[in-house]
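Keep in mind the model is a prediction, meaning the values are calculated, not measured. Quick note: residue numbers are just sequence positions, from 1. Order of appearance sets the numbers: ligands from 1, and atoms from 1 within every ligand.
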Amino acid sequence: MSRTPFLAGNWKMYKTGAEAVAFIEAAKPLLAGTSGRQAALGVPFTAIGEAATAAQGTGILIGAQNVHWEKEGAFTGEISVGMAKAAGASFVILGHSERRQYFGDTDEWVAKKLAAAVDGGIVPVVCLGESLAQRESGDTFKVLGAQIRGSLAGLTAERAAALILAYEPVWAIGTGKTATKEQAQEVHAFLRGELGTLLGDRAASETRILYGGSVKPDNVKALMGEPDIDGALVGGAALKPDSFVQIVKFDL
Ligand code: PGA
């Protein structure tokens, strides 16, 4: 089963709606005629509507960077899956390390958000990754094994069809320090094995596993050459249209 490469920007807390439109207008002609891959942008909530309208006909998916697990309720400052979807989001980034580190997202919350995304019919992109201290103490696989079990808790094989995972070593995010392709491949292969244990062979072979952490136009091709790396989740290098487009067109 071939896994269509998924090249996604994570804009974090950057860009207004107008700035998102300007970015997409600039990227559009550069992406024209590009096939065999899925381009995607995880944008701030406030830019989803304008970005989704601007992205129509470009093939770029627009997504959110977080959601609440409830459909509605007294949750000041939160956004539900249904709201993100109605605004134009077709995917959501869940459990990014910045959410885990600064906003208290836990594996348990990620699992609830994942269930809400599946129920609501948007693609969940679940992020996992070890810190530098965890890597240096030799705990990488122990940490990632616990994270994947916790974050996918309750998910069944039938409900995993749209699932995407992202391996984002915390020490590589925004630091300019990319994991080597060998380091990334080793973890991706491990995560695919865990998917097999948790959800069965089909989910293991069909789920795309993205790499994230200082992905740039000049390192994406080598990473994508590894057998278990199926895409990228890109922060800094996805904020400029030409750099984002070069990443989307990694092999062209
Ligand atoms: P970076 O961020 O590409 O700027 O390292 C990646 C991410 O946080 O998703």
Side-chain angles (χ1 to χ4, degrees), residues 5-15 19-20 23 27 37-45 47-48 51 60-67 84 89 91-105 107 110 113-114 117 123-132 134-135 140 143-144 147-148 151 163-181 183-185 187-188 191 208-224 226 229-250:
F6 193 92
L7 290 309
N10 169 17
W11 278 357
K12 311 192 179 189
M13 199 171 74
Y14 292 96
K15 297 191 192 292
E19 287 164 345
F23 177 107
R37 70 218 55 223
Q38 181 62 61
L41 291 168
V43 307
F45 289 130
I48 292 173
I60 304 173
L61 294 181
I62 300 299
Q65 302 169 16
N66 179 40
V67 282
F91 73 97
V92 59
I93 299 168
L94 296 175
H96 188 279
S97 63
E98 287 151 16
R99 300 275 340 153
R100 293 176 186 263
Q101 194 177 342
Y102 307 130
F103 304 103
D105 281 26
D107 289 334
V110 174
K113 293 175 183 200
L114 168 59
V123 172
V125 179
V126 174
C127 302
L128 311 163
E130 83 287 2
S131 68
L132 185 59
Q134 290 164 337
R135 177 161 282 265
T140 298
V143 167
L144 291 168
Q147 275 183 8
I148 191 170
S151 300
L163 176 68
I164 295 177
L165 287 187
Y167 168 54
E168 297 211 310
V170 177
W171 47 272
I173 296 177
T175 58
K177 232 176 125 179
T178 329
T180 63
K181 58 184 176 33
Q183 282 173 321
Q185 166 57 28
V187 171
H188 283 229
L191 293 174
R208 285 170 289 185
I209 308 178
L210 318 181
Y211 169 78
S214 299
V215 174
K216 303 274 179 305
D218 63 6
N219 61 24
V220 63
K221 190 174 179 185
L223 288 158
M224 291 299 290
E226 294 297 320
I229 301 181
D230 309 313
L233 185 56
V234 187
L239 289 170
K240 294 238 162 61
D242 47 339
S243 152
F244 174 67
V245 167
Q246 283 178 56
I247 288 169
V248 172
K249 294 175 140 181
F250 66 95

- Query: Would you say the side chain of L223 lies within less than 4.5 Å of the side chain of F250, judging by non-hydrogen atoms?
  - Reply: no
- State, yes or no, whether a side-chain contact exists between E130 and W171 at a heavy-atom distance under 4.5 Å.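 In contact.
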In chain order, what residues pass the side-chain contact (heavy atoms from CB on, under 4.5 Å) check against [X], with sequence neighbours excluded?
X: A166; result: V125, C127, E168, L210, L233
X: E19; result: K15, T16
X: P217; result: A237, S243, Q246, I247

- Near ligand 1, which residues have a heavy atom under 4.0 Å away from one of its atoms? N10, K12, H96, E168, A172, I173, G174, G213, S214, L233, V234, G235, G236
- What orientation do F23 and W11 show, parallel under 30°, tilted 30 to 60°, or perpendicular over 60°? perpendicular
